[in-house]
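Computed over heavy atoms, backbone and side chain alike; hydrogens, waters and symmetry mates excluded. Letters A, B, ... are given to chains in the order of the sequence lines, protein chains preceding strands, and every chain is numbered from 1.
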Amino acid sequence: MIEKIKRQLHSELERALKVQFSIEVPVIVEEPKRANQGDISVPVFPLVKAFSKPLVEVVDAVRSLILETSLNEYFESVDVFGGFINITLKKQKVASAVIADFMINSDNIGSCAFGKDKTICIDYSSPNIAKPFSIGHLRSTIIGHALGNILEKCGYKIIRINHLGDFGTQFGKIIYAYIHYGSEEAVKKNPIAELEKLYVLFHEKAKKDPELESKAREIFRDLEQNDPKYQSLWSWFREESLKEYMQVYKKLNVNFDSYDGEAFYNDKMKTVIDELKAKALLVQDEGAMIVDLGAELPPALIQKSDGSTLYITRDLAALFYRKATYDFHKCLYVVGNEQKLHFEQLKRVVGLMGYPYSEDIVHVNFGLVLQDGKKMSTRKGKTVKLIDVLDEAVSLSLDYIVEKNPDLPGKEEIAEKVGVSAIIFNDLKNYRGNDFEFNLQDMVNFFGQTGPYLQYTSVRINSILAQAEFQFTGKVDGSWFEKDHVYELMKTIGSYGEIIEKSALEYAPNLIAKYLLNLASLFNTLYGKDRILVEDIEEKQTKLHVLYMVRAILNDGMNLLGMQIIERM
RNA sequence: GACUCGGUAGCUCAGCUGUACAGAGCAACGGCCUUCUAAGCCGUCGGUCAGGCGUUCGAAUCGCCUCCGAGUCGCCA
């Protein structure tokens, strides 16, 4: 709401400056950091030079312009503090605008339509087959899932793609290790754990005998050329891994439109290589085929000297396939920071091939999960399994329920929802690009800025609404909104849509997470100060309106982030 | 070595398209459950925004340099 007013004021002010003073300087319209400085503030410093008059006179002139805008019916006062013009709005007027806005959009609060008729592909999760689902893949999974929800709310059609890491030299390694050191029985018994063991074992052996690396490459080359024996092992490993991943996805409530992994593109790479050749981009270098990307970027390796393909080759094939199949507006890759160079190269190659949609490739990067300050390594068997972390969170949340609310029905189910959501929220609340140190203690913390705090707030409201007769009519007693803490809450309610928009444009779920924390905190402050279920009917109904909106937004926001909503806890 | 990203309270982080006294949570300490769920609320404590120089009316925010950490840099993905 405030954002709307700000934008309107901004454009009217710039126009007025141009018309009346022939001044074309970008005007700043912002929200002051402190409540006693009003709702909207215009610093006039940047205008002083253009006016070439003393600050005091400029302030005066700008203030008059502000008072003449169409928004003046909203203004309670327009005060001057040094070089700042601070506008205080009429609280009741803002509050009723917020409520009216909410009613219009009540079936899909916070939604907008700027993505209408456009498709976005999101490539996320994409675990490597035959390796346990680690904490590292959690990030891609939940960031991608949340972004899908957020962008969907902005009107986009979303294609969720799990680009499984089901191909590549790593399969040569696993197949080699399986043939030489593995047993069918052991893999059948405990597929992923066993395959991981073999993978780690391979690297240990390869350290002593570097020959193994080239043997693995040979196996992969043959696999790529459809060797039936390797193919059947490959599909067995893939199937078993996928089974285990599906359990994780079910727990996280995550789903995909496509599970076409790298192997899916095996028969689509020849055309890519042919096209690169035809466009004279492919050159032979040290026996391999590369695309030279100029001075700023290292060359892209498209084909190994033994003729087999690489990661980027498959990503090129996948990109073309997606463009042809979905005609995407953007293609997002929710992949870690360490692959920044890879996506720069991908973009550049596509650009050199003459496709303008190279600009629509977006690497939605995220920070690594570190252990002892270093990247975790599957090769050394040093990973933390996601399922263990989730189980830990769930069992801890069950402990709390037993302690705090022993008579609660359906404890296990609620504990599951609280625990898993806590893990999800813990990840999404921070800016995605930052690395973070793996810390189980932090991940399963349930107090303060956490998922359970949001769920708890929603549950508190449930409890009150359940005890009252309430219908959302929009008829309220405006005088309550004059109180500062209530007004703050109303302003925050009114900014939900703006936050979603910003979060979508920046691919930043953390903006929504922080917003929800703020909303919950404002509500809890109010809860501590004011009794809701009071005698006076009009006052009670007014308060219930606010609670209803807060709960609707909390639930909607948590849902966007991929968290679970609960009734009681 | 080159490139990229980061260094803000004891810890985890927000702010970083510049402008008014740098904000949360956790931890510590002190209050608040015979009235709506205390996974909560209120308060206290805590910061040379890594360091230096520069640009600017104004810098945590922009530029340069130094230090520290992480990641990447042709046959892994």
Side-chain angles (χ1 to χ4, degrees), chain A residues 26 28 30 32-34 37 41 43-46 48-49 55 81-84 86 126 128 165 167-170 172-173 213 216-217 220 262 285-290 296-306 308 310-312 314-315 335-342 344 365 367-368 370 373-375 378-379 397 400-401 403-405 408 418 422 426 429-431 433-437 439 441-442 445-453 455-457 459-468 510-511 514 517-518 520-521 524-534 543 547 568-569:
Chain A
I28 298 167
E30 57 189 18
K33 290 173 190 117
R34 274 155 232 282
Q37 291 162 341
S41 160
V44 299
F45 309 101
V48 174
K49 237 179 222 167
L55 180 70
F81 284 94
F84 293 92
N86 293 339
S126 312
N128 291 324
F167 224 51
T169 309
Q170 51 171 340
K173 293 176 181 175
E213 294 277 357
R217 277 195 289 271
F220 173 60
E262 296 187 72
D285 196 90
E286 296 173 30
M289 300 303 272
I290 65 161
E296 315 94 90
L297 280 178
L301 242 180
I302 302 292
Q303 198 172 31
K304 294 193 267 192
S305 33
D306 69 0
S308 63
L310 286 141
Y311 184 39
I312 196 165
R314 294 188 280 277
D315 257 357
V335 180
N337 281 338
E338 74 270 35
Q339 290 187 34
K340 193 165 188 286
L341 179 61
H342 166 76
E344 280 172 14
N365 63 310
L368 275 54
L370 307 174
K374 304 271 181 196
K375 187 180 169 184
T378 319
R379 294 185 180 191
S397 103
Y400 278 114
I401 295 172
E403 184 192 323
K404 290 172 192 296
N405 203 350
L408 187 66
V418 172
N426 180 261
K429 76 175 173 187
N430 291 329
Y431 171 66
N434 298 339
D435 292 350
F436 70 84
E437 178 73 22
N439 183 334
Q441 220 74 41
D442 284 354
N445 175 31
F446 298 154
F447 305 98
Q449 299 173 332
T450 64
Y453 177 72
Q455 290 170 318
Y456 178 73
T457 307
V459 162
R460 266 184 150 179
I461 297 174
N462 283 341
S463 176
I464 295 172
L465 286 170
Q467 292 170 54
N510 66 308
L511 296 179
K514 294 277 178 193
L517 284 174
N518 185 237
S521 169
N524 282 317
T525 298
L526 178 139
Y527 183 91
K529 272 192 175 139
D530 297 353
R531 195 178 157 73
I532 306 300
L533 299 173
V534 290
K543 289 174 170 175
L547 263 62
R568 297 178 62 191
M569 67 192 278

What is the base-pairing partner of B:G47, counting Watson-Crick and G-U wobble geometry with both distances under 3.5 Å? none
Taking a pair as Watson-Crick or G-U wobble with both distances under 3.5 Å, which nucleotide is matched to B:U34? none
Separation of A:Asp435 atom CG from B:G7 atom P, in whole Å? 11 Å
Just the rounded figure in Å: distance from C1' of B:G25 to CZ of A:Phe446. 16 Å
Could you check whether A:Ser463 gets within reach of a base, just the sugar-phosphate, or nothing at all, counting any heavy atom under 4.0 Å? base
Under 4.0 Å between any heavy atoms, over every strand shown, what does A:Arg568 touch: base, sugar-phosphate, or nothing? Just pick one. base
Can you tell me how far P in B:G15 sits from the matching atom in B:A50, rounded to whole Å? 15 Å
Out of [options], whichever nucleotide has its closest atom nearest the side chain of [X]:
X: A:Gln339; options: B:A77, B:C36, B:C75; value: B:A77
X: A:Asn128; options: B:G40, B:A77, B:C75; value: B:A77
X: A:Lys49; options: B:C57, B:C73, B:A77; value: B:C57

Using only heavy-atom distances, decide whether a donor-acceptor pair under 3.5 angstrom links the side-chain of A:Asp285 to the base of B:G74. yes
With a 3.5 Å cut-off and heavy atoms only, can you find an N or O donor on one side and an acceptor on the other between the side chain of A:Ser41 and the base of B:A20? yes
